[in-house]
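The structure under discussion appears below in the form of structure tokens.
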2 protein chains.
Amino acid sequence: MLPLGKCAMDSIDERILGLLRTNARMPVSEIARTVGLSAAPVGRRIERLESEGVIRGYVTLVSDAAVGELEAFTEIRLAGDVDTREIEGIARQVPEVQQYYTIAGDPDALLRFRVRNVEHLQQVVNAIRRTGIVAGTKTLIVMSSWDRAQPFPSEGAHDKHT
Amino acid sequence: MLPLGKCAMDSIDERILGLLRTNARMPVSEIARTVGLSAAPVGRRIERLESEGVIRGYVTLVSDAAVGELEAFTEIRLAGDVDTREIEGIARQVPEVQQYYTIAGDPDALLRFRVRNVEHLQQVVNAIRRTGIVAGTKTLIVMSSWDRAQPFPSEGAHDKHT
DNA sequence: AGTGAAAACTTTGTACG
DNA sequence: CGTACAAAGTTTTCACT
């Protein structure tokens with residue numbers, strides 16, 4: 001179910017993924033027209049890609065600033081004798097952690113947070129530091145951001161109005 | 001159109017965003033049932049959230065390992081006299097850059113890459129270094145990752161099969 | 001694995017409280 | 001800003017190639 005290495009995919013699967021990547025809500029019928037197939041097989045291909053774990057989910061990008069939230073990254077350096085899976089387990093239990101990455105080298109892990117404000121960020125980072133398995137952290141606060149997936153040229157937190 | 005700070009949103013908007021965040025393909029009718037409204041106003045609310053810039057896009061999370069790709073972050077430290085918008089403009093022109101973040105403090109920016117392999121990564125990072133505005137870079141290679149948005153418990157690149 | 005058509009469901013528009 | 005219902009479009013399932 002979850003892919004270890006490259007999967008059996010033809011060029012049509014790749015085009016379907018390319019379309020869905022930049023617009024997860026694109027109708028199957030429109031994808032079908034674009035790749036030159038009818039709707040039925042495209043629906044089955046998408047279902048297959050989901051169950052194979054190639055498609056890991058469909059998410060909506062929400063402007064953190066609009067929701068009154070802050071975005072931050074924290075790099076984690078672990079104590080020498082700690083397995084990365086320990087910090088992964090902890091990260092999973094912290095609801096503010098939006099994404100988790102195991103890193104090859106230094107640091108050992110990278111976490112992306114969504115928090116209400118700087119105090120909230122401080123609380124969350126301190127909670128992770130207090131676990132005892134963390135040798136050090138470095139937190140990067142995001143001022144603005146963009147994502148290649150989004151078609152419109154938003155610039156995140158510091159835009160002119162309307 | 002693009003939000004500067006918190007927008008006028010009621011608790012129903014927030015619940016709609018919460019549902020779409022974890023499943024961008026959830027039908028409007030199902031969202032309507034969950035929040036206790038009929039489909040029409042939910043559709044109009046989503047349309048409004050899109051045009052206000054609160055919803056910045058719908059993306060599909062694709063397993064990089066399954067597509068035979070590598071994921072990496074590069075921290076950028078800029079030369080002292082350089083505006084962050086310069087590196088943002090460069091990042092936009094590099095198709096391998098998936099996400100861009102302006103950071104408060106050190107480093108100045110964070111880039112997330114999708115590349116075919118380590119050689120490809122090296123090329124892309126060197127291209128950015130050669131622009132002349134970069135004082136230093138540090139690249140973090142992702143070994144495994146997860147995203148809170150995905151409902152299924154995928155663990156990225158190093159899972160047992162099926 | 002694809003097509004094409006029918007059935008079920010979803011989205012969108014219009015009228016109205 | 002909500003509901004209700006009808007029209008248009010989409011997804012899914014079926015028999016068939």
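Numbers restart at 1 for each chain; the letters A, B, ... are given by sequence-line order, proteins then strands.
As a whole-Å value, the separation of B:E47 CD from D:dC1 C1' is 15 Å. Atom CD1 in A:I31 sits roughly 14 Å away from atom P in C:dG2 (whole-Å rounding). Between the CD1 atom of A:I12 and the P atom of C:dA1 there is a distance of 11 Å, rounded to whole Å. Put simply, CD1 on B:I46 is 13 Å from C1' on C:dT12, counting in whole angstrom units. Atom CG of B:L49 and atom P of D:dC1 are 11 Å apart (whole Å). Between B:E30 atom CD and C:dT11 atom P there is a gap of 9 Å when expressed in whole angstrom units. Rounded to whole Å, atom P of C:dT10 lies 13 Å from atom CG of B:N23. In this structure, A:R33 atom CZ and C:dG2 atom P are separated by 18 Å, rounded to whole Å.
Atoms CG and CD1, on B:L49 and B:I55 in that order, are 5.0 Å from each other to the nearest 0.5 Å.
With respect to B:R45 and B:D10, a salt bridge is recorded, a charged nitrogen being found less than 4.0 Å from a carboxylate O.
The side-chain contact (heavy atoms from CB on, under 4.5 Å) test applied to A:Q99 returns A:Y101, A:R112, B:D147, not counting sequence neighbours.
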N/O-N/O pairs, protein side and nucleotides 14-16 of chain D side, under 3.5 Å:
none

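When distances run from any side-chain atom of A:P41 to the nucleotides D:dT11, C:dT3, D:dT3, the shortest one goes to C:dT3. Between D:dT12, C:dG2, C:dT11, one nucleotide has an atom nearer to the side chain of A:R45 than all others, and that is C:dG2. Among the nucleotides D:dC1, C:dT10, C:dG2, the one closest to the side chain of B:P27 is C:dT10. Listed candidates were C:dT10, C:dT3, D:dT3. Nearest to the side chain of B:S38 is D:dT3. Side-chain proximity of A:V28 to the nucleotides D:dT11, C:dT12, D:dT3 is greatest for D:dT11.
Within a 6.0 Å radius of CZ in B:R48, more than 12 heavy atoms belonging to other residues, nucleotides or ligands are found.
Judged by closest nucleotide on DNA chain C, A:R48 is the one of A:R48 and A:R25 placed further toward the 5' end.
B:D83 and B:L78 get closest at one heavy-atom pair: O-CD1, 4.2 Å.
No option in A:T84, A:I76, A:I87 other than A:T84 meets the side-chain contact (heavy atoms from CB on, under 4.5 Å) test with A:T102.
For residues 100-109 of chain A, every residue pair satisfying the salt bridge (Lys or Arg N to Asp or Glu O under 4.0 Å) rule, not counting sequence neighbours, is listed here: A:R77-A:D106, A:D106-B:K138.
Proximity of B:S29 to the phosphate of C:dT11: a side-chain N or O atom is located under 4.0 Å from OP1 or OP2.
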